[in-house]
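This report refers to the structure that appears directly beneath it.
In listed order, ligands and their atoms are each counted from 1.
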Amino acid sequence: MLIDAHVHLDKYGGLLDQALQEIETERIFTVATAMDVPSYLELQIIAQRSDLVLPSFGIHPRRAAEYVDRLSEIGRHIETSPAIGEIGLDFHWVKDPATYPAQRKVLEYFIAAAREQNKFVNLHTKAGEKDILDLLESYDIQRAIIHWYSGPMDILRAMIDYGCYFTIGVEVLYSNYIKEIARTIPDHLLLTETDNPGALRWLKKNDEIGMPTAIKQVVDALACLREVSRIELEGLIQANFARLIAHDPSLQKVRRSLFS
Ligand SMILES: [Zn+2]
C-alpha cells in the first residue's frame, strides 16, 4: 500500500471527490493534516468517507498567532484527534517576528499534549529545525514525522540519530539538495508525502493542482535514488509507517487495514 503521510485534503474543494476516488483506487493510506480548527473539523467529516484517511489536528505555524490565546479550545480538539499535525515552527516563510513567540507557545502546547496522550506528531520545521529537535528531546517525543525537511545537514543527522521519521515529497523530483537529504535518511526512518494539493503549485509557481497519485512519482524517484525496485520501496515505507503506529491503541484498526 502507498503511504501519503502529509496531505491537506480539506483544500481540494471541487476536486475532493476525485481525490478520494484516487485514494481508494490506488490504495493510498493518507494522513490528512489540519492547518487550524475549521480545517480539522472538515477533515473529520472527510475521513468518514474513507477508511484510508486519518484526520490529524494541528495548528500550522502560520496560524499560531490567531490561536495563542485559545489553548483550551485547542486542547479539546487534540483529545479527539488520533494524531497531531501539522504543527511546528516557521522562521523563514513567516516574515513577521512578532508571531514567533506565539509559534513557540502553541507548538509547545501541542508537544506537551502529544507526550501526555502518546500521539505521533507531524512537524513543519522551516528554519526552526534545531529548536524543534531540542523540544522533541526535552519532552521525550519518540514518534515524530519531520515533513519536507530542507534544513542543514548537521541537524538532519542529529534528528536521524534521535530517531525522527522523515517524509520526502514531490520536491525530490526537482531538487538536488532534497535528493541528497533523501539519500541520507536511513531505510527505517523513510516515509513519503505529497503535501498536496498545493505542493506542485508552490514548487513550480503555476496553478497545477497536485492530486493524490503524485505519491507514485515520489515512490518512483526514491526507488531510483536508492537503487531498489518500486515494489521494495513501497513495502519499506509501508513497514515504516506500520512500525510508527504499532503500539498506538487508537490506531490498531488503521494498522490492520494497512495489511489487509
Ligand atoms: Zn503541509
Can the ring centres of Phe57 and Phe110 be said to be less than 6.0 Å apart? yes
Are Arg230 and Asp220 within salt-bridge range, i.e. N to O under 4.0 Å? yes
With a 4.0 Å cut-off, would you call Asp187 and Arg226 a salt bridge? yes
Without swapping roles, check the side chain of Thr192 against the backbone of Asp4 for a donor-acceptor pair under 3.5 Å. no
Heteroatom count (protein N, O or S) under 2.8 Å of the Zn ion (ligand 1): 4
With a 4.0 Å cut-off on N to O distance, would you call Arg63 and Asp90 a salt bridge? no
Quick check: does any side chain N or O of Tyr149 sit under 3.5 Å from a backbone N or O of Leu156, one acting as donor and the other as acceptor? yes
